[in-house]
Structure formats: structure tokens, C-alpha cells
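Scroll down for the structure; my scribbles are underneath it.
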Number of protein chains: 2
Amino acid sequence: MPVRLVACVPNISEGRRPEVVAAAAAAVRATPGVFLLDCSSDASHNRSVLTFAGPPDAVLEAAVALAGRAVALIDLETHRGEHPRIGALDVLPFVPLAGVAMEECKDLARRAGALLWERLGVPVYLYGEAAALPGRRRLPAVRRGGYEALKQEIGRPERWPDIGEPRLHPTAGATAVGARRPLIAFNIYLNTADREVAREIARGVRESGGGLPAVQARGMYIRERGQAQVSLNLLDHTRTSPLAALRAVEGEAARRGVAVTETELVGLMPLDAVLGVARDALRLPRLAPAGILETRLLEAAGIDIVSATSAGRRDPAR
Amino acid sequence: MPVRLVACVPNISEGRRPEVVAAAAAAVRATPGVFLLDCSSDASHNRSVLTFAGPPDAVLEAAVALAGRAVALIDLETHRGEHPRIGALDVLPFVPLAGVAMEECKDLARRAGALLWERLGVPVYLYGEAAALPGRRRLPAVRRGGYEALKQEIGRPERWPDIGEPRLHPTAGATAVGARRPLIAFNIYLNTADREVAREIARGVRESGGGLPAVQARGMYIRERGQAQVSLNLLDHTRTSPLAALRAVEGEAARRGVAVTETELVGLMPLDAVLGVARDALRLPRLAPAGILETRLLEAAGIDIVSATSAGRRDPAR
């Protein structure tokens, strides 16, 4: 029987209190059949990203258990951080990995949204592939103005939630629940402390500003490093790869007399994206998972990583 | 318990009689715990390369079993072929893959060499990382003149074997047994048909010409494509990565008014090398196997590819 795997990548509004992040992670670990793959906290953003995977129903159960911990332990009224957010559990996307269609992840998002409202009293906005309204496909539109603005505006018809009544949870706000393809969160540091430069660069490279396809970008200042940062979400690495994004940011930066110092990943990158970077950088068009020693080794052991890597790609040749 | 994996890449002096190659492969397959990953025969070179992997002791057992078949079935007195060779089992390198240090592969090489002499009467030259004499690190030095010259010269002190007495096996000759890192065979095509340009570039980038460390290079003309090619062996991708090699070839090419059109891999590349390319190209110094979605999934399933990819690296930050 083929393995059926969904990933879930909740973002919670807590990156400074390790015990709260640990409680959220524990809720995932306690769910049978689910593997916690990654947990990355960012103190400056005051935000953590967890990645877990498993069969669809088990992933749904873990997601709702994690939501319960986040709602109980995080208070948006006192939360401060760089990143825009509307809730204690801010974002809850489901991602098809293996043997699962996007349609099933959209269904998981709707079921998770219903449980968040019924059990926890958190209103839900459906986004990404699960969006019920076309204007809510993009996360920035759903989170516009963050918790503070949404608190004022949730009564307006255009900001009503998709699931639940138009009132925020008193401490946990609201949650954006969605379905999407694997996303790469990629931060690029500049040799300047000037946040405005990073913002200009972000405006120049993001899709909404006429820049790169399937790219979201923001400029920020990272106090710990004393550096400005362009923070990117690559929504479809087959349309804009991390290397293409870096080159575009380097170009915009050079025009402003600044340079890139280094980059970082938040969370995980799919193997296919790494191979894409190597293909471009090495001018090696035929590099495929089967050209990698470890892939062959795993194949020999009966583990078909090749199908996992190409999961969810419409066009394996791209 | 972490998986411990070594690869072994024996070269045997038989590429025309499939039944002999099959007998060698069968000796590998019959060893419990060992996976045969690849077997490629070349009729023109009259030579076959097998790749297999498994836990260290099982790989040693398979290597000695394969040696027994090669010694019994191949007669160097009647062997003809393009490629330089000194024995029926010509070369026997051990390569650290997962949870195994180079030191252990050097030890495997010495143990395999002792068994080849004791059980089969084949004298052994230790090469690569396992070399006992500095002049024997490079394989071309060990094989100089091939079987025919070694037959005349084995009595000279400078050609005495490292293990065994200075007399060839009457039909199976001698064997070069060694330890090395995974090798990457990487070809770079130029936008010229001029082989001499490729040769000049090769001389400029290879280690023996004062170029890049751990790089062997040759210039050739590829009739099928009508293009000159720089053909590289990257003996240690942690010292010279495929990206560094490409950049050096591009630099040498530019000085001669030619350009690189594309590249190709012959055989397999270790995942670690792909990650190294992505680290450099993306300026992403902390990209590690653990940052890849699929490796986390496999880890969660009990397969520790992370240790596999970082095996044998002295400095994981490089």
C-alpha cells in the first residue's frame, strides 16, 4: 500500500518562551502516527514554525491538539514581535506530500477550521488553495494590519471570518487555515541596518509589486544581528527558485549600493528545490534525484524517496 | 542505533564475458546486509565497475568473496583492453558513507589487503587515503606500466607491494586496495570543437598542474556533440566542490574566448556535494541535510540519512 502523507506547518505567535513552544510540540508528538519534523523559533519575530507529517486524519488530530495549547498559552493582547499575525495559532496550512491530492488538503483545512471554532471559539479565515473567497487566497490580505487592525475591523462584512462569528477570541485572536504546496521561507541579510532599503528591495522583487512569480517579500530590521533583512516566502520553487530570488535581491541591492552578506532557511526545503539550485548553479540540466548516491541507497533499501520528492508537482520536467 | 554504511567500488578486468561479471556480482548479492547499487561493464576497456554498500564488516566480506571470483575466473596473461590495470581485481576502494570515519575505511583496506594475500596469494598495493607510502596515494603511480611492466619490475624495492611478497599472482596479478572519499565524475562542455583548448583548460585547473586540490582533469573532443569537453574527477568535493571546479573552468575558458554551455554527471553525486553547491550558490552556510524535508521524513521513519551525508567530513561547517 502506498504511503499517504500530509505535512502541516503551523506558525504560532511565540518565539521567546521555550516552555510554550515545547508544549505545542508535545501535543504533536503525543498524536499516534505523526512525526514532528522540525521546530524553529525566532525571538525577534517572537514566532515559531513547526513542521509535522503523517497520514491525513492523524495530522488533523495533531493540528487541533496543537491549536488547543497555543490558544491556552499565548495572549495576543500582550504579544509583541516584528511579524504580522492575527492569532496565537496564526497560520495552519496543510501540504500534500505523498499519495494525497491538494483537494484532500483543502478538505482537511475546512475540517480543522470547523473544529477550531467549535472547540476553541477561534474564528477562521480560509486561505491559499482552501480559500472560499478569491481575495483571501493570499495570506497578506487575510492578515492585513495584524491582530490590532482585525480587532477593529472584524465586524465589517469584508473582514468577516469564513468559519465562526465575527468576533475575535479574547486572547487568541483568529487563525488563517489553508492548503498549499511546500513553501520555502528564505531570509536574505544585507550589509546595512537600514530597514527602509530592505523594504524597497522587497517591493521590487515580490509578485504583488510586479516582481518574481509566487514570491512574497518583506523588509525588516533584525536587532540581534543589527542588519536589515529581506524575508521571502517562495510559494512555488518551480516558478521562482531560491537562487533566482537571491539573484533578484542581489540585483536590487546593488542598485542601492548595498550587498547580501548571507541567507538562512526557516524550516525545511524540499530536496527537489535543492536539486533545482544545483542544476542552475552547475548548469547541470539533467541532475535528478536518481543521480544522488543516497537516493539509490534508499531505493535499494526499499524506500522510494524519488516519489516523495516529486510529490505534488504537476510537471516533473519543470 | 545509527546506520553504519560503507561503499565499495571494485574495478575488475573483465567487461566482455557477462557470465564472469555476473559471478562477481552474485558474490556481492550473496553477502547478507550488502546492497549491489550499480554494475557497469565497458567492452572497449574490457573492464567492469561494481558499486555496493552495507555495514563495514559485511562490505569487507563481500569484497573478499568478489575477489575470489575475479581471481579464479580472470587471467591477466590473456586479458586485453584499453585501460591500464595490474590485476584481475584491479582496484578495490572503500568509501565512508554513513556513521563511519575515513580511518575505519583505511582499516578495512588494510584488512582486505591482508585477506587477499593470505587467502588468494595476490600481492596488494595500498593507495589513496590508505597508502602506506606517500608515492602511492595516486592510483596512476601504483599502476604505472600496467600488469606487463609490473611483472618485470615487482622485484625492485620501489615497486615492492605493501602487503605480500614481491611476486605477482600467476594469473591474477596484483590489486590496488584503498580508501577514498566519494568521487564525482563531472564533464563540462565548451562552445568550441577545439580539443586543444579543452586540454589547455584541463592543464590549468588540475592539481598536478598546480590548479585545484583533489582535481584530475583531461581535455577531449566529443564527436556526438561536436564539442570539446573538460572531463573532471573531483576526488574530494569538500576540498574542491563541483561549483568551484565549474567556476575555475569558466575562468580559464573566458581567458581563451570560449564559454561553458552545460555540464553532466557520470554516475552518482553524494547528497552532501549537492548541499555544498546549494550552500555556496545561495550563500546559505547553515544548510545541512537536516534542513531538507525528505531527510527529516526518512529520519522520522528510522533511516538516518543525515549521518550518511555528513560522513567523513572533517569540518561540518565547511
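Every chain is numbered from 1, with letters handed out A, B, ... down the list of sequences. Computation of the quantities below employed the complete heavy-atom set of this structure, encompassing side-chain atoms and omitting hydrogens, waters and symmetry-equivalent molecules.
Both the backbone and the side chain of D38(A) come within contact range of chain B, each with at least one heavy atom under 4.5 Å from a heavy atom of that chain. Heavy atoms closer than 4.5 Å to chain B are found in the side chain of A53(A), but not in its backbone. With a 4.5 angstrom heavy-atom cutoff, Y189(B) does not touch chain A via any of its atoms.
With a 4.5 Å cut-off on side-chain heavy atoms, R283(B) and T261(A) do not count as touching. Considering only heavy atoms from C-beta on, L265(A) comes within 4.5 Å of L284(B) through its side chain.
Using a cutoff of 4.0 Å between basic side-chain nitrogens and carboxylate oxygens, E262(B) and R279(A) are not scored as salt-bridged.
In R218(B), the CZ atom is not crowded: 12 or fewer heavy atoms of neighbouring residues, nucleotides or ligands sit closer than 6.0 Å.
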*Just do the side chain to side chain contact (heavy atoms under 4.5 Å, CB included) check on L287(A) and E264(B) with the steps written out, would you?*
CA-CA 8 Å; L287(A) 179 64; E264(B) 70 185 12; over 6 Å; no
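Each of L271(A), L293(A), L275(A), V274(A) was evaluated against L271(B); a single residue qualifies, L271(A), per the side chain to side chain contact (heavy atoms under 4.5 Å, CB included) test.
The two atoms that bring I292(A) and P270(B) nearest to each other are CG2-C, 4.3 Å, heavy atoms only.
Highest contact tally toward chain B, considering only I188(A), T51(A), L246(A), L282(A), is held by L282(A) [criterion: heavy-atom pairs under 4.5 Å].
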